[in-house]
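Both ligands and their constituent atoms are indexed starting at 1 by order of listing.
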Amino acid sequence: MLIPSSVIVVFSLLLVGSYASVQDFCVADLSLPDTPSGFPCKDAKKLSVADFVFSGLGKAGNTSNIIKAAVTPAFTAQFPGVNGLGVSLARLDLAVGGVIPMHTHPGASEVLVVIQGTICAGFISSSANTVYFKTLNKGDIMVFPQGLLHFQINSGKGPALAFVSFSSPVPGLQITDFALFANDLPTELVVATTFLDAAQVKKLKGVLGGTH
Ligand code: MN
């Protein structure tokens, strides 16, 4: 059977294209500066399986803090093997009364799975400020769309444990209260931009470490 030469040309181009674009992995070389397209790759000849394993999520983070919670990340900075792969993970430990305050990840959607305890979690849509929240129990998972404000609260009587995965190795994290009150923006500007009263702003600045 005769195959038209144009088909062969197209097929060859597809092969060339796919071979040219395929890179199995790019373990981050954290000794070099970050770039807009991620860290440069470690020399593949110097890699071992250890570059693809992270053992830092095995024990609980320290929850002796204002939020009574700990986020232990396995992002590119801690786990260079995820660089460029579009995934990462973190461990959430929430003591009784603990909360991951309202926050966003500018760079990733998040999936949470509850391993232990009871967690009330939710997010707010950006289009209509619709709130979606639910009490989650062991084995439940919930997804938080990229960039949207969301929270997790330990609503049970004991400690809670969850793992979250992200659709980026560098999801980013901005906690709203810290953004608003742990900075050096003058109090009157915080008041003007939040509609809170000055006493409340000063109190939160004091608690969270802001100045002015
Ligand atoms: Mn989150």
Side-chain angles (χ1 to χ4, degrees), residues 28 34 36 38-39 54-156 158-183 194 204 207-210:
D34 199 3
F39 279 93
F54 181 74
S55 300
L57 302 189
K59 70 181 188 48
N62 180 8
T63 58
S64 300
N65 52 52
I66 189 173
I67 60 173
K68 298 179 184 167
V71 180
T72 310
F75 303 159
T76 292
Q78 298 81 24
F79 185 17
V82 296
N83 183 52
L85 298 184
V87 294
S88 64
L89 222 76
R91 171 184 176 131
L92 303 187
D93 289 286
L94 297 123
V96 174
V99 56
I100 309 295
M102 198 69 80
H103 66 280
T104 67
H105 307 285
S109 294
E110 170 181 334
V111 180
L112 172 144
V113 55
V114 179
I115 305 299
Q116 177 198 339
T118 306
I119 293 174
C120 176
F123 67 87
I124 305 168
S125 78
S126 71
S127 49
N129 291 316
T130 307
V131 179
Y132 301 88
F133 76 100
K134 186 169 173 43
T135 298
L136 307 171
N137 297 297
K138 180 179 177 180
D140 289 341
I141 70 173
M142 183 168 178
V143 66
F144 306 89
Q146 179 169 346
L148 299 190
L149 285 163
H150 62 283
F151 63 88
Q152 288 105 14
I153 299 169
N154 182 350
S155 55
L161 170 64
F163 286 87
V164 285
S165 71
F166 296 95
S167 61
S168 165
V170 280
L173 168 64
Q174 186 170 43
I175 297 175
T176 308
D177 266 10
F178 286 79
L180 291 175
F181 308 112
N183 60 36
T194 61
L204 286 164
V207 170
L208 299 175

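- Within 6.0 Å of CD1 in Ile141 there are 12 or fewer heavy atoms belonging to other residues, nucleotides or ligands.
- The neighbour count for Phe133 CZ, taken as heavy atoms of other residues, nucleotides or ligands under 6.0 Å away, does not exceed 12.
- Counting only distances under 2.8 Å, and ignoring water, the protein N, O or S atoms around the Mn ion (ligand 1) are His103 NE2, His105 NE2, Glu110 OE1, His150 NE2.
- Around atom OH of Tyr132, no more than 12 heavy atoms belonging to other residues, nucleotides or ligands sit under 6.0 Å away.
- The list of salt bridge (Lys or Arg N to Asp or Glu O under 4.0 Å) pairs with a residue in residues 112-129, not counting sequence neighbours, is empty.
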Only pairs under 3.5 Å count here: list side-chain donor-acceptor contacts from residues 119-128, not counting sequence neighbours, and write none if there are none.
residue, atom, partner, partner atom, Å
Ser125, OG, Ala128, N, 3.4
Ser125, OG, Asn129, N, 3.3
Ser125, OG, Thr130, N, 3.0

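- Remark: Leu173 pairs with His103, His105, Ile175 by the side-chain contact (heavy atoms from CB on, under 4.5 Å) rule, at least two apart or across chains.
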